[in-house]
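Throughout, numbering of the chain's residues begins at 1 and tracks the sequence.
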Amino acid sequence: MDFNMYQITIFISIILASLITPDAKMAFATPQKGKTEVLKFDSESDVAVALAKYTADLSAKFVKEKGSFSVVLSGGSLIDTLRKLVESPFVKESVDWSKWLIFWVDERVVPLDSEDSNFLLASRGFLSKVPIPPGNIYAINDKLSPEGAADDYEERLRRLVSSKVMPVSSASGFPKFDLMLLGMGPDGHIASLFPTRQQRYEKKRWVTFITDSPKPPPPRITFTFPVINSAAEIAMVVTGAELANTTKAVLHPHQGSPLLPAAEVSAEGELTWFLDKDAASKL
């Protein structure tokens, strides 16, 4: 059987994680968790329906409470799983799209029209089908280096905080997004925070960069864990049998084993796992 480099990385990531520096290993201590709910569905289609209702309900809640709804997207299969949100009754009747603010938890540092771009993926599958004002969509500056793009994205977030568009968490001091929509890789990574890369241990920056991602393309920017875990609500959307073992390792880790990045996710409000039958098959 032939394996590509990313598949090989998945097989060895847990072993390599144990070799990271002693200071970094401190992050393997069990993180403090907010409320977590694990929802299991018979099929990916059922996940898509439930995710649409969950997101629409949160949109109504936050728009009523604060006049806007900040949503952080990821790449991968998540955008396809959001497909029911662009259908009736949500697309026209029950969601105030004009109040949405769109961000990315991570992005590949490639042109925005590249097939590798999370922005392009979201545009095709979601954003082009709903009337969110273009000025409310915060894509990266694709003309900059990875470091420059990370600095620029963080500075734009800081300006939104300064202008009171974006609140900060009273608990952490980091920006507090209303909803993070996350996926998980087979190696347990979320955003571009990989098991064997130091970016997962960044505690001060809001946005950091990576130039050697084990999953191509290698140059990326990513939110850090303090930002991710300051979110009011987080949805972890995981479907497919290929993620069953990783889902088990994250939700039921062996004592003393290195934690995968996905196991370090929490939310100030609630972390909700959306699993189809295949992803939940080992639980």
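Transitive grouping of hydrophobic side chains (ILVMFWY, heavy atoms separated by less than 4.5 Å) brings I102 and V63 into a common cluster. Note on L73: it does not cluster hydrophobically with L120, by side-chain heavy-atom contacts below 4.5 Å among ILVMFWY residues.
Ring geometry for F103 against Y138 counts as parallel: the plane angle stays under 30°, on a 0 to 90° scale with 60° as the upper cut.
Inter-residue side-chain proximity for L271 and S266 is flagged as unmet; no heavy-atom pair is nearer than 4.5 Å.
Under the side chain to side chain donor-acceptor pair (under 3.5 Å) criterion, S43 pairs with D46, not counting sequence neighbours. Every ring-ring contact (aromatic ring centres under 6.0 Å, His included) that Y54 has, sequence neighbours left out, goes to F274. For W104, there are no side chain to side chain donor-acceptor pair (under 3.5 Å) partners, not counting sequence neighbours. Partners of R159 by side chain to side chain donor-acceptor pair (under 3.5 Å), not counting sequence neighbours: none found. Applying the side chain to side chain donor-acceptor pair (under 3.5 Å) criterion to K277, with sequence neighbours excluded, gives no partner residue.
In this structure, D142 contributes its side chain and L112 its backbone to a donor-acceptor pair below 3.5 Å. Using a distance-only test at 3.5 Å, with no hydrogens or angles considered, no donor-acceptor pair links the side chain of E107 to the main chain of I221. For D276 (side chain) and G240 (main-chain N/O), a donor-acceptor pair under 3.5 Å exists by modelled atom type. Judged by distance alone, the side chain of R200 and the main-chain N or O of T196 form no donor-acceptor pair under 3.5 Å. Within the 3.5 Å criterion, the main-chain N or O of P217 finds no donor-acceptor partner in the side chain of R108. In this structure, D96 contributes its side chain and F69 its backbone to no donor-acceptor pair below 3.5 Å.
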Problem - Verdict with reasoning, S230 to S172, per side chain to side chain donor-acceptor pair (under 3.5 Å) - result: CA-CA 7 Å; S230 294; S172 72; 2.6 Å; yes

Handout entry: Check against side-chain contact (heavy atoms from CB on, under 4.5 Å), Q199 and F194
Key = CA-CA 8 Å; Q199 285 79 7; F194 294 92; over 6 Å; no

Problem - Check against side-chain contact (heavy atoms from CB on, under 4.5 Å), V227 and L157 - result: CA-CA 11 Å; V227 172; L157 294 182; 5.6 Å; no

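The two residues D178 and S68 come nearest to each other via the heavy atoms OD2-O, 3.6 Å.
Among R156, R205, R158, the one residue that satisfies the salt bridge (Lys or Arg N to Asp or Glu O under 4.0 Å) test with D151 is R205.
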Using a 3.5 Å cut-off and no angle test, enumerate the donor-acceptor pairs between side-chain atoms of residues 249-256 and protein atoms at least two apart in sequence or in another chain.
none

